[in-house]
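Numbering of ligands and ligand atoms starts at 1, following listing order.
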Amino acid sequence: MIESYLGIDIGSISTKAVVIDINNNILASSYLWTEGNPIEAVKKVLKDLKKQLYNKDVKIVGVGTTGSARKLIGAMVNASIVKNEITAHAIGTLSVYPEVRTIIEIGGQDSKIILIKEGVVVDYAMNTLCAAGTGAFLSSQAKRLGIEVEDFGKMALSSTNPTPIAARCTVFAESDLVHKLQTGNSKKDIVAGLCESVAKNYLNNVARGKKIEKPIIFQGGVSKNIGVKRAFEKILETDIITDSNGHLMGALGVAILAKDEKKCEFDFDVAEKEFTTTAVNCGKCPNKCEIICIKENNKLIDSYGNRCERGAIAK
Ligand code: SF4
């Protein structure tokens, strides 16, 4: 029997999970859209993992969760450890790239920078309030341009003259993009300009003058976009590393952390459990965040959706 560890990273846009053995080898992995329903997303990844591990003599003895809905899913799967994204991503990335100094992470709805020295996180920053420069921003601009976001990278590389796009916030970016289209700029130049604006927005709003040391790893959903990778390389004048498993680093990290915890009971049949959710609006600022409350047997076990602590709901 192979003793193994499950790591789940539940973001607002995507849900990722890995099962690893004691030597951090990935035995199974799963990735899908959260679609506003982390419980259902996790049920689906668990069913997928169970299928991948069918007939393999694997027993899960430790479970870790990270990501925005980590507490909810931690309660749901009886996790041995629930950890923030910064630690999880750093541990996962360090396990593959022990020399890493800077992690650039751009996901669907947020982005972060993690600075590492001698294997220890020395500084970090997250940006969850500004959408300009995230995967969701690129997807909405792709829709506006009538092209698939998956084609963005290739298109951007074919441009020799990227169109500058004002991207300090989504509203500016959208009106500037329409203006640039109307003034005859080609789609490929606009797409290349958008990729550069994502990189610039990140460096101005997330990295904010922090010293970016090499080796630099670029991960998160947006790292799959070669146009944004090249834009970072152009601005920072250095090579950037991307990894085909870059989207799994958070899940990998929290699975590794679970190895140090007390063993826990885990059964894939948790995917059959029933939970209920309700939505309430936080009216404490104009953002009016929708906060989702999750209950098991009418008892609040977690809530999420608040973009700041003022909207947190006490259990
Ligand atoms: S949680 Fe409430 S206070 Fe915080 S950003 Fe959202 S609406 Fe504003």
Going by atom types alone, do H247 and Q219 pair a side-chain donor with an acceptor below 3.5 Å? no
Sequence neighbours excluded - salt bridge (charged side-chain N to carboxylate O under 4.0 Å, His left out) pairs with any residue from residues 18-32: none
Is it the side chain, the backbone, both or neither of K288 that has a heavy atom closer than 4.0 Å to ligand 1? backbone
In ligand 1, the atoms that come under 4.0 Å of a heavy atom of G311 are 1 (S)
Are any N, O or S atoms from C282 nearer to atom 4 (Fe) of ligand 1 than 2.8 Å? no
Would you say E148 has more than 12 foreign heavy atoms packed within less than 6.0 Å of its CD? no
Please determine whether C308 has a backbone or side-chain N, O or S atom lying under 2.8 Å from atom 8 (Fe) of ligand 1. no
Identify, by atom number and element, the atoms of ligand 1 in contact range of N306, meaning under 4.0 Å from any of its heavy atoms. 1 (S)
Could you tell me which atoms of ligand 1, counted from 1 in the order shown, lie closer than 4.0 angstrom to a heavy atom of K284? 3 (S)
Kindly list each side-chain donor-acceptor pair under 3.5 angstrom involving residues 288-295, sequence neighbours excluded, with atom names and distances?
none

Before you tell me yes or no, could you show the steps for D176 and K180 under salt bridge (Lys or Arg N to Asp or Glu O under 4.0 Å), namely the whole-Å CA-CA distance, both residues' side-chain angles and the distance that decides it to 0.1 Å? CA-CA 6 Å; D176 198 33; K180 296 285 162 57; 3.2 Å; yes
Test item: L115 and E213 side chains (from C-beta on) under 4.5 Å apart, heavy atoms: no
Between the candidates C289, G283, A312, G305, which shows the shortest non-hydrogen contact distance to atom 6 (Fe) of ligand 1? C289
